[in-house]
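The block underneath contains the structure these notes are about, expressed in structure tokens.
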Amino acid sequence: MSAPADSIEIQNVVASTGIGQELDLEALADDLPGADFNPDNFPGLVYRTQDPKAAALIFRSGKIVCTGAKSIDDVHEALGIIFDKLRGLSIPVDEDPEITVQNIVSSADLGHNLNLNALAIGLGLEDVEYEPEQFPGLVYRMDEPEVVILLFGSGKIVITGGKQTDDAETAVEEIVKRIDNLGLLD
Amino acid sequence: RLRKWQERIRTKDAGERNLQFALSEIDRMASALGVPRSVREVASVIYRRALNEDLIRGRSIEGVATSALYAACRQEGIPRSLDEVAEVSRVPQKEIGRTYRYISQELGLELKPVDPKQFVPRFASALGLSEEVQAKATEIIDVSAEQGLLSGKSPTGFAAAAIYAASLLCNEKKTQREVADVAQVTEVTIRNRYQEQIEAMGFR
DNA sequence: ACGTTACTTTGTAAAGC
DNA sequence: GCTTTAAAAAGTAACGT
């Protein structure tokens, strides 16, 4: 018996932090190999780490957004690399900058095909957005935990909007319950 | 005082002109789409509700008017695809879709997903196909939807494939290109849905 | 008729228009 | 609202061969 919750895989973690120091992004763009900085398009400088793979958006204020990491540990590792790189450029970086997880995106597999039409009506049209002409997934906004779940006909799902590691697991257990109660888990 | 009053009148006049503009646009688009007067009236009601609930702030009048018409078509059971609605509107399809989702949610329209069968009479008659083909296409949609093939699929593509399959089965063959043109989907989509549907029907 | 690439949806922070 | 970044899901579309 493989529970759907066991199939959960974190796909992306978004976090924010700050070094407590203003930055000259023009100079940083020259000193950081591989940095992308197009102030006309976007005010942040984009810097990618290879291991772990992640992308950081670095702003003039010293605030940083890290995205693309596969775990919270990877977020800390990637940001640690960036902090050290900045220190290597003689930029003062706070001792242990606070890192806040803002969003965790996970995928999972319910192990059954889903009738999305029946599910849209069963879960309640007021809480559901299902417009297959525009997107093949059914969008379900859950209150507890406060996450958004995308459900597909294959039974594969995406859970996003959570800030805690166990939000996805709680959400999967809850959605399975609700679908099962509707008799829509084949 | 006087200035305040003049502004109220000016605002009221502007609001009145905007409403008239929106309603005339709904009328124009409805005519271009060939939908009955009843649908225009439903669209007008939806637009006025959106106006009363202040849903237009931050959105274009034309976008809300177009979305109201799109919603009205669905509510009345004679849906137009977003592509078709976008063709007669000056608002991009993406914005119509986004605005529709917003007003639908805010007004609690709770419209059920579009049923592919609702496109069959219109697409089939545009292709000059008989009642027999329409009945067959409807049957194909029912059978394949019951077998779970509809989830996530575009209603127009699903209907187009069923009409293509039915035209073959009834010896009134239309090419994939002809069906694709009236349904505004690609031949690739018709091919993919068609393969699944004939298998669901037990043909091969 | 393939294969590849790219766009649709969800969430989230950042600074500025 | 928009701009940018990341990742998954599955469908659709538009390329080129």
Side-chain angles (χ1 to χ4, degrees), chain A residues 7-18 23 25 36-49 52-71 74-75 78 99-110 113-114 116 129-142 146-163 167-168, chain B residues 57-60 63 81-83 93-95 97-99 101-102 150-158 160 176 180 183-193 196:
Chain A
S7 70
I8 296 174
E9 287 181 45
I10 294 180
Q11 300 292 351
N12 184 20
V13 178
V14 182
S16 57
T17 188
L23 291 166
L25 297 184
D36 290 338
F37 184 46
N38 301 87
D40 292 345
N41 283 342
F42 188 68
L45 178 154
V46 181
Y47 183 73
R48 294 176 171 81
T49 57
K53 192 184 170 204
L57 307 178
I58 304 174
F59 297 88
R60 192 178 45 194
S61 63
K63 293 192 176 178
I64 300 174
V65 171
C66 178
T67 184
K70 289 285 183 191
S71 70
D74 282 358
V75 166
I99 296 171
T100 308
V101 174
Q102 302 287 359
N103 185 24
I104 300 175
V105 182
S106 299
S107 60
D109 189 350
L110 300 186
N113 288 332
L114 298 171
L116 299 184
E129 210 172 88
Y130 175 49
E131 293 295 329
E133 188 186 342
Q134 300 177 59
F135 185 69
L138 182 156
V139 182
Y140 183 62
R141 291 180 165 79
M142 187 175 276
E146 193 177 335
V147 296
V148 173
I149 306 177
L150 309 181
L151 301 115
F152 296 86
S154 64
K156 301 272 186 68
I157 72 174
V158 171
I159 307 96
T160 187
K163 292 189 192 290
D167 281 348
Chain B
R57 194 165 293 179
R59 262 158 275 272
S60 71
S81 68
L82 281 177
D83 267 299
Q93 191 195 312
K94 191 174 167 180
E95 187 187 329
R98 188 184 301 131
T99 305
R101 277 181 258 136
Y102 178 72
L150 180 55
S151 286
K153 267 65 165 229
S154 131
T156 48
F158 209 80
Q176 292 178 1
Q184 295 191 141
V185 298
T186 63
E187 294 164 270
V188 178
T189 296
I190 292 188
R191 238 173 267 138
N192 292 337
R193 295 306 135 247
E196 297 171 353

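Chain letters run A, B, ... following the sequence lines, proteins first, then strands; residues in each count from 1.
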- Query: Should R98(B) be listed as having a side-chain N or O under 4.0 Å from OP1 or OP2 of dC2(D)?
  - Reply: yes
- Message: Classify R57(B) by what it touches in the nucleic acid, base, sugar-phosphate, or nothing, heavy-atom distance under 4.0 Å.
- Response: nothing
- Under 4.0 angstrom, heavy atoms only, what part of the nucleic acid is G152(B) near: base, sugar-phosphate, or nothing? sugar-phosphate
- Test item: Y130(A) side-chain N/O and G152(B) main-chain N/O as donor-acceptor pair under 3.5 Å: yes
- Query: In terms of side-chain heavy atoms of R60(A), which of dT10(C), dG16(C), dT5(D) is nearest?
  - Reply: dG16(C)
- Query: Atom CD1 of I159(A) and atom P of dA6(D): how far apart are they, to the nearest Å?
  - Reply: 22 Å
- Now, which nucleotide makes the Watson-Crick or G-U wobble pair with dA6(C), with each of the two distances under 3.5 Å? dT12(D)
- Identify the two heavy atoms, one from S151(B) and one from L114(A), that lie closest to each other, and give their separation to 0.1 Å. OG-O, 2.9 Å
- State which of dG11(D), dG11(C), dA13(C) makes the closest approach to the side chain of S16(A). dA13(C)
- Give the minimum heavy-atom separation between E95(B) and S60(B), together with the two atoms involved. OE2-OG, 3.1 Å
- Message: Check the phosphate of dA8(D) against K156(A), side-chain N and O only, distance under 4.0 Å to OP1 or OP2. Yes or no?
- Response: no
- Task: Quick one: label S61(A) by what it contacts on the DNA or RNA (base, sugar-phosphate, nothing), any heavy atom closer than 4.0 Å.
- Result: sugar-phosphate
- What nucleotide among dT8(C), dA14(C), dT10(C) has an atom nearest to a side-chain atom of L150(A)? dT10(C)
- Without swapping roles, check the side chain of E129(A) against the backbone of R101(B) for a donor-acceptor pair under 3.5 Å. no
- Message: Roughly how many Å apart are dA7(D) and dG3(C), using the C1' atom of each and rounding to a whole number?
- Response: 23 Å
- Message: Regarding V148(A), tell me which of base, sugar-phosphate or nothing describes its non-hydrogen contacts under 4.0 Å with the strands shown.
- Response: sugar-phosphate
- Would you mind telling me which of dT10(C), dT12(C), dT8(C) lies closest to the side-chain atoms of V14(A)? dT12(C)
- Message: Which nucleotide wins on minimum distance to the side chain of R48(A), given the candidates dT8(C), dA14(C), dA6(D)?
- Response: dA6(D)
- Message: If you only use heavy atoms from C-beta on, which nucleotide in dT9(C), dT5(D), dA7(D) is closest to the side chain of Q11(A)?
- Response: dA7(D)
- Item | Whole-angstrom distance between dA6(C) and dT4(D), as gauged at atom P | 15 Å
- Message: Please give the distance between the C1' atoms of dA1(C) and dA9(D) as a whole number of Å.
- Response: 26 Å
- Query: Which part of the nucleic acid does V185(B) contact within heavy-atom distance under 4.0 Å: base, sugar-phosphate only, or nothing?
  - Reply: sugar-phosphate
- With a 4.0 Å cut-off, would you call E196(B) and R193(B) a salt bridge? yes
- Note on the structure: The answer to which of N12(A) and I64(A) contacts DNA chain C further toward the 5' end, by nearest nucleotide, is N12(A)
- Message: I want to verify a distance call: between dT12(C), dA15(C), dT12(D), whose nearest atom is closest to the T189(B) side chain?
- Response: dT12(D)
- Rounded P spacing from dC2(C) to dA8(D) in Å: 26 Å
- Message: Just to be sure I understand the rule, does S154(A) reach a base, reach only the sugar-phosphate, or reach nothing, if contact means heavy atoms closer than 4.0 Å?
- Response: sugar-phosphate
- Message: When you measure from the side chain of K163(A) to the backbone of N103(A), do you find a donor-acceptor pair of N or O atoms at a distance under 3.5 Å?
- Response: no
- When we call it a touch if two heavy atoms are under 4.0 Å apart, what does R141(A) touch: a base, just sugar-phosphate, or nothing? sugar-phosphate
